[in-house]
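I'd like to ask you about the structure that follows.
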Amino acid sequence: MTSVLNFYERVWRLTRQIPRGRVSTYGLLAKALGQPRAARAVGNALNQSPGMPQVPCHRVVRGNGQIGGYALGTAAKAKILRQEGLQIGPKNKVVNFDKVLYTGFFKK
DNA sequence: ACGGTGACGCTCA
DNA sequence: TTGAGCGCCACCG
């Protein structure tokens, strides 16, 4: 049967686990949800996520290290990430992407 | 039920 | 390395 939580809610819940100063990717989130092909849907979920709550959707980036999209614009996203101590290089790529990538999602 | 949409990812050229 | 093409998927009229 379908889980108690819908897809979007599960995406938001996982996203909360990403620590400050680190990032994860849409694809990894999808995998953690048990649907490795749903990276695109994950992006939709974060886009639709209410801005208020503690869902750090700005910490979710592309698999290649580029920061990807953001409801308030990629510029705003880059700014926030810099405020959290991350460095954004040319082409909007996260510097030391492999070092700050978070993959330790807790299964739920 | 069906086709369109989009904060993606992988495969080449 | 960089960009075009195409597949994928949950949602929305």
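Not measured: the values here are computed from a predicted model. Convention: sequence-line order gives letters A, B, ...; per-chain numbering from 1.
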Exercise. Say you draw a straight line from CZ of A:Arg22 to CG of A:Leu101; how long is it, rounded to the nearest 0.5 Å?
Worked result: 7.0 Å
Exercise. Looking at A:Gln83, A:Glu84, A:Lys79, which hits side chain to side chain donor-acceptor pair (under 3.5 Å) with A:His58?
Worked result: A:Glu84
Problem set entry | Residue-level proximity of residues 83-105 of chain A to DNA chain C when a heavy atom falls under 4.0 Å | none
Show each protein N/O and nucleotides 11-13 of chain B N/O combination with a separation under 3.5 Å, one pair to a line.
none

Problem set entry | Per-nucleotide protein contact string for nucleotides 8-13 of chain C (B base, S sugar-phosphate only, - none; heavy atom under 4.0 Å) | BSSS--
For this session: Hey, can you tell me if A:Trp12 and A:Tyr8 have their rings parallel, tilted or perpendicular (30° and 60° cut-offs)?
Result: tilted
For this session: Rounded to the nearest 0.5 Å, what's the gap from CG on A:Leu86 to CZ on A:Arg59? Could you check?
Result: 9.0 Å
Seminar exercise, completed: From CG of A:Leu46 across to P of B:dG6 the rounded distance in Å is 16 Å
Exercise. Counting any heavy atom closer than 4.0 Å, what does A:Ala30 reach on the DNA or RNA strands: base, sugar-phosphate only, or nothing?
Worked result: nothing
For this session: Measure the distance from CD1 on A:Ile18 to C1' on B:dA7 and round it to the nearest whole Å.
Result: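 Interatomic distance, CD1 of A:Ile18 to C1' of B:dA7: 13 Å.
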Exercise. A:Ile67 has an atom CD1; how far is it from atom P of B:dG9, in whole Å?
Worked result: 14 Å
For this session: Examine distances only and state if a side-chain atom of A:Lys77 and a backbone atom of A:Gly69 form a donor-acceptor pair shorter than 3.5 Å.
Result: yes
Exercise. What heavy-atom pair brings A:Ile80 and A:Tyr70 nearest, and what distance separates the two atoms?
Worked result: CD1-OH, 3.6 Å
For this session: Round to the nearest Å and state the distance from A:Leu33 atom CG to B:dC8 atom P.
Result: 16 Å
Exercise. What pair of heavy atoms forms the shortest contact from A:Tyr26 to A:Ala39, and how long is it?
Worked result: CB-O, 3.8 Å
Problem set entry | Length of the line joining A:Gln48:CD and B:dG6:P, which is rounded to integer Å |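 Interatomic distance, CD of A:Gln48 to P of B:dG6: 11 Å.
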For this session: Would you mind reporting whether A:Ile67 and A:Val94 have side-chain heavy atoms less than 4.5 Å apart?
Result: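 Result yes, sub-4.5 Å side-chain heavy-atom pair found.
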Exercise. For the side chain of A:Gln54 and the backbone of A:Arg16, is there at least one donor-acceptor N/O pair under 3.5 Å apart?
Worked result: no
For this session: Specify the separation, in whole Å, of atom OH of A:Tyr26 and atom P of B:dG9.
Result: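 About 8 Å, once rounded to whole Å.
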Exercise. Counting N and O atoms only, with roles assigned by atom type, does the side chain of A:Arg82 sit under 3.5 Å from a partner on the main chain of A:Gln87, one being a donor and the other an acceptor?
Worked result: no
Problem set entry | Shortest non-hydrogen separation from A:Cys57 to A:Ser49 and the atoms involved |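 For A:Cys57 and A:Ser49, the tightest heavy-atom pair comes out as SG-OG, 3.9 Å.
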Exercise. Can you check the A:Leu29 CG to B:dC8 P distance for me, whole Å?
Worked result: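 In whole Å, B:dC8 P lies 13 Å from A:Leu29 CG.
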